[in-house]
Amino acid sequence: MTLRAVAAALCVLLLSACATLPDISQSRSPCQLEPGGWCGFVRDAAVDAFPYAVASTNAYTGDDDLFARPGRVLQRLEHLPIAPEDADKGFSYEIFDQFAPGTSGDPQRKPIARILAFRGTDLKGLSDLFYGTLRNDQIELALRYFAAEKKRWGSDPQWVVTGHSLGGALATEVSVAHPEVRAYMFNTSPFYRSETKANALQRTVFNERGEVLRRFARSEEPPAANVFTINCEPRKNALFKHKVRPLADCITWIAAYASADAHEVVKANRIARPLVECGSEDQTHPGPGQRKDEPCLHNDQPKDSAKRKRSGD
């Protein structure tokens, strides 16, 4: 098979639409009377993870879909200068202080964690593909810059690493090398170097069901982690599902059923209801503590498609 034929076949694979079913891992049927139809363990995980999803999104410095208002629990810090030769390899990151929930009005508040968010693949060039996927350069850079930032800032408060796609793979590597460091990954790339069962409870992964990178893997099995697969965009194709901002929006929306801070992020950034959730398209988020008496059944397909099936088309 020629290289052009291989590329064409890959494009067909990546661009094919994925009309996926509602996610069985979040056990939607028993949770129809829960807020938004989301099970309690998914809401709890979203409350825990949404600040890192926002930080992972805003690690894509210069993009046009960042969170303009990342919320009251995050504050961006200046990171060390990235050497030009390292930047040329596509490497980049951001640092944030994370504050405890509900402390925005406290002038004496102190950060409870320091977040290093690695940027994922920049599709504007090939440097990430070469140095981050085909080679291990970005892994070595991630380990080196994390060590330098930790030496600069110290170990108090605790460090958390996070990232989307390639950034998630870099966060995985740092977590493996530093077992005391928590890691949160979103639609994480399977092109990591390490396989490990150690410190599994220190890693949390959120994936959108059907996103494109779940079809590939470099290692035989991923490092152990708590993995949450959600199905926020069942009508989108695999490439759209891989994007960080829609996933971060969905996680923050889910978290807003139990977190006032997440609800503020939803309102400030005008986050829309996930397509999978019941309700009207222009529905605003009700906020924490709101429950419905009627079931919320998640949508698995467009309404016109459902009508055609009922009519026998």
Side-chain angles (χ1 to χ4, degrees), residues 44-60 74 77 79-80 86 90-98 111-121 128 131-133 135-207 211 213-214 216-229 244 247-248 251:
D44 291 344
V47 170
D48 180 44
F50 88 87
Y52 312 113
V54 173
S56 294
T57 304
N58 282 16
Y60 286 87
L74 290 178
L77 304 174
H79 60 69
L80 290 170
D86 298 336
F91 179 75
S92 183
Y93 67 95
E94 294 292 343
I95 293 183
F96 303 86
D97 270 346
Q98 179 186 1
I112 59 172
R114 189 150 288 135
I115 305 169
L116 193 152
F118 294 106
R119 194 191 68 189
T121 301
D128 285 326
Y131 293 108
T133 301
R135 291 176 37 158
N136 293 326
D137 298 58
Q138 284 209 29
I139 294 175
E140 302 302 334
L141 291 173
L143 293 169
R144 174 154 56 88
Y145 276 87
F146 174 77
E149 292 288 9
K150 187 177 181 182
K151 181 178 179 180
R152 174 193 180 204
W153 292 99
S155 298
D156 186 25
Q158 65 177 335
W159 282 90
V160 177
V161 290
T162 188
H164 161 259
S165 191
L166 172 59
L170 300 181
T172 299
E173 295 287 350
V174 172
S175 171
V176 171
H178 299 269
E180 76 284 0
V181 174
R182 291 283 282 127
Y184 291 81
M185 290 77 77
F186 305 93
N187 283 341
T188 186
S189 169
F191 298 105
Y192 44 78
R193 180 178 58 184
S194 301
E195 297 178 25
T196 183
K197 297 299 182 184
N199 65 318
L201 297 181
Q202 291 285 75
R203 288 187 290 274
T204 298
V205 177
F206 267 88
N207 291 326
E211 69 92 14
L213 287 187
R214 303 281 64 77
F216 306 97
R218 172 185 287 182
S219 300
E220 292 182 359
E221 56 182 293
N226 291 320
V227 180
F228 296 86
T229 302
V244 64
L247 179 59
I251 293 170

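- Within the model, atoms CD of E211 and OG1 of T229 stand 9.5 Å from one another, a figure rounded to the nearest 0.5 Å.
- Between the CD atom of Q158 and the CD1 atom of I112 there is a distance of 7.5 Å, given to the nearest 0.5 Å.
- Separating the OH atom in Y52 from the CG atom in L74 is a distance of 8.5 Å, to the nearest 0.5 Å.
- Closest approach of A117 to F96, counting heavy atoms only: CB-CE1, 4.2 Å.
- Looking only at side-chain heavy atoms (C-beta outward), L143 and V174 come within less than 4.5 Å of each other.
- Side-chain atoms of E149 and L80, non-hydrogen and from C-beta on, do get closer than 4.5 Å to each other.
- In this structure, CD on Q138 lies 7.5 Å from CZ on R119, to the nearest 0.5 angstrom.
- Here the shortest heavy-atom pairing between G163 and A171 reads N-CB, 4.3 Å.
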CA sep, side-chain torsions, deciding dist, call: H164, L247, side-chain contact (heavy atoms from CB on, under 4.5 Å): CA-CA 10 Å; H164 161 259; L247 179 59; 5.6 Å; no
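- Summarising the geometry of Y60 relative to G120, their closest heavy-atom pair is OH-CA, 3.1 Å, with the distance given to 0.1 Å.
- For the ring-ring contact (aromatic ring centres under 6.0 Å, His included) with F146, the qualifying choice from Y93, F91, W159, W153 is W159, the only one to do so.
- Under the rule for a side-chain hydrogen bond (donor to acceptor under 3.5 Å, both in side chains), the partners of S175 that lie at least two apart in sequence or sit in another chain are N199, R203.
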Residue pair L166, F118: steps toward the side-chain contact (heavy atoms from CB on, under 4.5 Å) verdict: CA-CA 8 Å; L166 172 59; F118 294 106; over 6 Å; no
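- The two residues P179 and Q202 have their closest heavy-atom pair at O-NE2, 3.3 Å.
- In this structure, R114 and I95 have side chains that are in contact, with non-hydrogen atoms separated by less than 4.5 Å.
- Below 30°, between 30° and 60°, or above 60°: for F206 and F228 the angle between ring planes is below 30°, a parallel geometry.
- Taking 4.5 Å as the limit, some side-chain heavy atom of I139 sits within range of a side-chain heavy atom of L170.
- For the side-chain hydrogen bond (donor to acceptor under 3.5 Å, both in side chains) test, residues two or more places apart in sequence or in another chain that qualify with Y184 are D48, R182.
- At least one side-chain heavy atom of L77 sits less than 4.5 Å from a side-chain heavy atom of D97.
- A pairwise comparison of heavy atoms in T188 and N207 identifies N-OD1, 3.6 Å as the closest pair.
- In summary, the side chains of H79 and Y145 do not present any donor paired with an acceptor at a separation below 3.5 Å, with no hydrogens or angles considered.
- The nearest pair of heavy atoms linking P157 to P111 is CB-O, 3.7 Å.
- The distance from the CD1 atom of I115 to the CD atom of E94 is 12.0 Å, given to the nearest 0.5 Å.
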